[in-house]
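Heads up, the thing below is written out as structure tokens.
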Amino acid sequence: MASLSLKKITAVWIYTILILFVLAILMGITMRFTQGKTISVSPIEFYLLMTTHGVTMIGIWAAAGIVAVNYLLARYIKVSTSLNVFALVFTVISILMLWASTFIGKFHAGWTFLYPLPFHIAWETWATPMFLWSLMVLSVSWFIWTLGSMVQILKKYSLRQSFAIQHISKKSPSVETPPLVLISMVSLLGMVVCFIAAIILLALLLAEYYSAGKFVNDPLLIKNLTFFFGHTIANEALYLGLATLYELLPEVSGRPKFKTTWYVALGWNCAIIFILGAFFHHLYMDFVQPKGFQIFGQIASYFATIPSVVVTIISIVTLLYNNKIKWSLVNLLFFIGLMGWIIGGIGAVIDATISNNIILHNTLWVPAHFHTYNVMGNVLFSLAFFVWVANEFSDNNDLQKYNKLVMPLLMVGGFGFVLMFYWAGAYSVPRRFAMYPSELSSGTALASAAAWFACIYLVGVLLVLFDVLKKCAKVFSSSSH
Ligand code: HEM
């Protein structure tokens, strides 16, 4: 069970994540209103908002996943509170450095900081190393955080058991691995590997920066490392959200806990390879990349979704079918989050198909699909955990008592917001344009509509935030548990 210190640090994480989330949504709304010509910000301001928004959003929702599984893992293993405190301190330092590089130094090369953009200095000279160091601080501290979390699991379960291998060959093995442990291990492993890639990438970029022209990187290697890191961290965050769903959804629905079956174990173990290999679909337009990688990228993109999606759908259908479910805000958030995750996943697979990618590449279809499985997928999984844990902190077990406006606001606002991205993407409106030229006037109108939908979503988020933050405060006045 979670100790009081783990509860407190989890509450501080939730405060940090939700406040940053609201600020990052406001940046997103400002960008959409700018593209819709409702307000006007300069192109530099647009791109520095886009850069800050992208890194902050990816960072906070990856953090939310790690925080949630760490809290829930305390049911099965001893979780290190000091590791969570360490990660929080360095995350805050990294965010302050990042925001200084963008808001003060005007760094605006996008969240993918695609090489050689960071070295074409169109901002304060110090902003490039500040941005790169901010990511280095984050990558090193999160490498320690995720590796440390895996080590904690391995103190209780052997390597084989932690990946539930014994479930593949035996129906009832002597040691059972809970799905939470299995999915956490799979996702944390992916994160550890992607942070190693990030550290190598940042070291190479910093080496070029400080060598004053004596050392020059290979652009293709840097692009591979960048997308291996960026694509993987964004995806693994989703799987941590799913780990939370597996643990909490049956419990809050009044159903028996999910068990690890042979197909759950097999599906998630296969997912390791496919999730790590899917990033190659970001390099379809890099024709010097060996052809085999492109083909593997398409196959991995298809298969990355199949094990986890199919297995998860089978598990959820079994849970819901013909059963009386006690609906509450927590399982509604999980359920709608699952829908958003699947819709976004279909959008991703459409884009990852080489023949479609020729048309959809770098159009608004790209932010369409990844916003769907984040805004209406992973964010909802994490909000479900926040609501559940806040109720636990405040000893309020009545999950059914909540503001009935929350779900309609999140659904109308969230799905409306992403629909405008899909619509514009289908009309070939390019992504990352601060303002659309007159030939793309449909992009302008759709951007305005999207901004209003995002405002509706924001109201829903604020309703959740006020409730969760009020309840989380209770943990600081508590001396028991
Ligand atoms: C309602 C909430 C949100 C709004 C209004 C919003 C808005 C936007 C806008 C307008 C863009 C620029 C799109 C373009 O023209 O290329 C963008 C980019 C992006 N957003 Fe969001 N977003 C939201 C939520 C999220 C979430 C939850 C995540 C991730 C977990 C996220 C991650 C990103 C990323 C990674 C980019 C790409 C930045 C870049 O290209 O450098 N956003 N968002």
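Just follow the structure's listing: the first ligand is 1, and inside any ligand the first atom is 1.
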>> Rounded at 0.5 Å granularity, tell me how far CG in L49 sits from NE2 in H108.
In response: 11.5 Å
> Can you list the ligand 1 atoms lying under 4.0 Å from a non-hydrogen atom of R431?
Replying inline: 16 (O), 37 (C), 40 (O)
>> Under 3.5 Å between any N/O of T112 and any N/O of ligand 1: does that happen in this structure?
In response: no
>> Heavy-atom pairs closer than 4.0 Å: do any link ligand 1 to the side chain of T51, the backbone, both, or neither?
In response: neither
>> Let me confirm one number: the CG-CD1 distance from L238 to I233, rounded to the nearest 0.5 Å.
In response: 11.5 Å
> In terms of residue, atom name and distance, what is the protein heavy atom nearest to atom 33 (C) of ligand 1?
Replying inline: F370 CE1, 3.5 Å
> Quick check, are the ring centers of W123 and F107 under 6.0 angstrom apart?
Replying inline: yes
> Taking atom 21 (Fe) of ligand 1 as the center, what protein N, O or S atoms are found at less than 2.8 Å?
Replying inline: H53 NE2, H371 NE2
> Starting from atom 10 (C) of ligand 1, which protein heavy atom do you reach first, and at what distance in Å?
Replying inline: R32 CD, 3.4 Å
> Counting only heavy atoms, which portion of W111 has something under 4.0 Å from ligand 1: side chain, backbone, both, or neither?
Replying inline: both
>> Give the atom numbers and elements of ligand 1 that come within less than 4.0 Å of a heavy atom of W61.
In response: 30 (C)
> Can you check whether L204's main-chain N or O pairs, donor with acceptor, with N217's side chain at less than 3.5 Å?
Replying inline: yes
>> Pair F21, W61 - check ring-ring contact (aromatic ring centres under 6.0 Å, His included), show working.
In response: CA-CA 9 Å; F21 185 39; W61 295 110; 4.8 Å; yes
>> With heavy-atom distances below 4.0 Å as the criterion, list the atoms of ligand 1 near Q35.
In response: 14 (C), 15 (O)
> What protein heavy atom sits nearest atom 2 (C) of ligand 1, and how far off is it?
Replying inline: I25 CG1, 3.9 Å
> What part of V379, side chain from CB on, backbone N/CA/C/O, both or neither, has a heavy atom under 4.0 Å from ligand 1?
Replying inline: side chain
>> Looking only at distances, can you tell me whether any N or O atom of R432, backbone or side chain, sits closer than 3.5 Å to an N or O atom of ligand 1?
In response: yes
> Nearest protein heavy atom to atom 11 (C) of ligand 1, by residue and atom, and its distance?
Replying inline: M31 CE, 3.7 Å
> Tell me: protein heavy atom nearest atom 1 (C) of ligand 1, and distance?
Replying inline: Y457 CD2, 3.6 Å
> So, F453 versus Y457, ring centres under 6.0 angstrom or not?
Replying inline: no
>> Quick check: F227 with H282 (ring centres under 6.0 Å apart)?
In response: yes
>> Taking the six-membered ring for Trp, are Y239 and W268 closer than 6.0 Å centroid to centroid?
In response: yes
> If you count the atoms of ligand 1 from 1 in the order shown, which ones are under 4.0 Å from a heavy atom of L364?
Replying inline: 14 (C), 15 (O)
> Taking only heavy atoms of A454, which atoms of ligand 1 are found under 4.0 Å from at least one of them?
Replying inline: 5 (C)
> Considering only protein heavy atoms, which is closest to atom 4 (C) of ligand 1, and at what distance to one decimal place?
Replying inline: F417 CZ, 3.3 Å
